[in-house]
Structure formats: structure tokens, C-alpha cells
Amino acid sequence: PVSSWDAASEQSAKDTAAKAMALFARPRVDQRQWITDLAPMLSPAYRTEAEYINPARVPVSKVLSGPALKASAGDPMTVKAVFTTDAGEWVVLLHRTAAAQPWLVQDIAAEDA
């Protein structure tokens, strides 16, 4: 079946992005706890990359607003969630392999990165 972008997909993407960004933006959390909390939401490739992130070096400590979703035209499987934070605009890139599959975080980065 072909996946589509509907209200449930949008809400699920927003929920996943908001939870991921909240878990990401914790520079005072021990690295092991930080990755343990975040890992279940990450794609396998990004999980490997995120294991090398030192949360103490993450400049975001507070999410001010968001997410504002930016779906790719014609691609209901990938979406950008944009957040305003105390360190500027940050983006959570989400992807799913099928409509029934969960959204997984592919990347979290500053908007201008």
C-alpha cells in the first residue's frame, strides 16, 4: 500500500520529533544516559553517529516552540520538524519505511548546519 500524509501521520511525526528534541536538548545529562534515552527513537545509522555526541557540547538546553513540520512534496515517508530553541532554529529529520512503521530520527542539527 502507498503511504499518505494524513492527520494521524502528522501528529505521530510531531510527537516523535518533540520527544526526540526534548531528549536531545539536555546538555547536563550524562552521555550514557543521554544516548540510552534517545537511542530507541533513532535510525540505526544515526544511532551509531549519535553515540559520539557529547551532550555537554549540545548548545540547546531549551525548546521555545515547535515543531513546525515541512513535508517533502510527494514523499510522505520523510519530514523535517523545525524547532525554535535557545540556540536558534534546529531541525529534526524524520523518516519511516512504511505508513505502519514508526517515525525514526535520521538527524538532529542546527537549521544552518
Side-chain angles (χ1 to χ4, degrees):
V2 176
S3 296
S4 63
W5 186 254
D6 57 20
S9 294
E10 181 176 352
Q11 190 59 54
S12 177
K14 282 183 176 182
D15 292 347
T16 301
K19 184 175 180 183
M21 193 65 200
L23 291 172
F24 182 83
R26 299 181 304 157
R28 291 177 185 85
V29 173
D30 169 80
Q31 201 276 340
R32 183 172 297 217
Q33 184 65 54
W34 184 85
I35 193 64
T36 298
D37 294 344
L38 200 52
M41 306 182 74
L42 307 180
S43 69
Y46 189 56
R47 184 178 307 134
T48 299
E49 188 178 318
E51 288 177 6
Y52 296 97
I53 295 173
N54 178 351
R57 296 183 56 103
V58 171
V60 179
S61 61
K62 188 173 184 182
V63 176
L64 304 175
S65 69
L69 296 184
K70 296 180 181 180
S72 300
D75 181 6
M77 308 305 270
T78 304
V79 66
K80 285 171 106 176
V82 181
F83 293 86
T84 301
T85 75
D86 58 346
E89 299 283 309
W90 278 67
V91 175
V92 175
L93 181 63
L94 301 167
H95 182 75
R96 61 183 176 176
T97 56
Q101 296 299 311
W103 291 101
L104 294 176
V105 176
Q106 298 288 109
D107 191 35
I108 300 175
E111 173 77 330
D112 57 7

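As the structure is a prediction and not an experimental result, all values here were calculated from the model.
- Remark: T16 OG1 to W103 CH2 distance equals 8.5 Å, nearest 0.5 Å.
- Proximity of F83 to V92: side-chain heavy atoms (C-beta onward) are separated by under 4.5 Å at one or more points.
- V82 and L93 fall into different hydrophobic clusters, where Ile, Leu, Val, Met, Phe, Trp and Tyr residues are linked whenever their side-chain heavy atoms come under 4.5 Å apart, directly or through other members.
- In this structure a side-chain-to-backbone donor-acceptor pair under 3.5 Å is present from Q31 to I53.
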**Request:** Determine, step by step, whether K70 and V79 satisfy the side chain to side chain contact (heavy atoms under 4.5 Å, CB included) criterion, reporting the C-alpha distance in whole Å, the side-chain angles of both residues, the deciding distance to 0.1 Å, and the verdict.
**Result:** CA-CA 6 Å; K70 296 180 181 180; V79 66; 5.6 Å; no
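- Under the 4.5 Å side-chain heavy-atom criterion for ILVMFWY residues, no single connected hydrophobic cluster contains both L69 and V91.
- Judged by distance alone, the side chains of S12 and D15 never bring a donor and an acceptor atom under 3.5 Å apart.
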**Asked** Checking side chain to side chain contact (heavy atoms under 4.5 Å, CB included) for the pair L104/R47: CA distance, chi angles, key distance, verdict?
**Response** CA-CA 10 Å; L104 294 176; R47 184 178 307 134; 5.7 Å; no
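- With sequence neighbours excluded, the residues forming a side-chain contact (heavy atoms from CB on, under 4.5 Å) with P59 are A87, W90, listed by chain and number.
- Under the 4.5 Å side-chain heavy-atom criterion for grouping Ile, Leu, Val, Met, Phe, Trp and Tyr, W34 is connected to V63 within one hydrophobic cluster.
- A donor-acceptor contact closer than 3.5 angstrom is absent between the side chains of T78 and R96.
- Between P27 and P55 there is no side-chain heavy-atom pair separated by less than 4.5 Å.
- The structure places OG of S9 at 11.5 Å from CG of L94, a figure rounded to the nearest 0.5 Å.
- Between D112 and E89, every side-chain heavy-atom pair lies at or beyond the 4.5 Å cut-off.
- With sequence neighbours excluded, the residues satisfying salt bridge (Lys or Arg N to Asp or Glu O under 4.0 Å) with E10 are K14.
- Here the straight-line distance linking atom CE of M77 with atom CD of Q101 works out to 8.5 Å at 0.5 Å rounding.
- A distance-only check finds no donor-acceptor pair linking the side chain of D86 to the backbone of V60 [under 3.5 Å].
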Contacts under 3.5 angstrom, residues 36-43 side chains, donor-acceptor by atom type, not counting sequence neighbours:
from	atom 1	to	atom 2	distance (Å)
T36	OG1	R32	O	2.7
D37	OD1	Q33	NE2	2.6
D37	OD2	R26	NH1	3.1
D37	OD2	R26	NH2	2.9
D37	OD2	Q33	NE2	3.2
S43	OG	Y46	N	3.2
S43	OG	V105	O	3.4
S43	OG	Q106	OE1	3.3

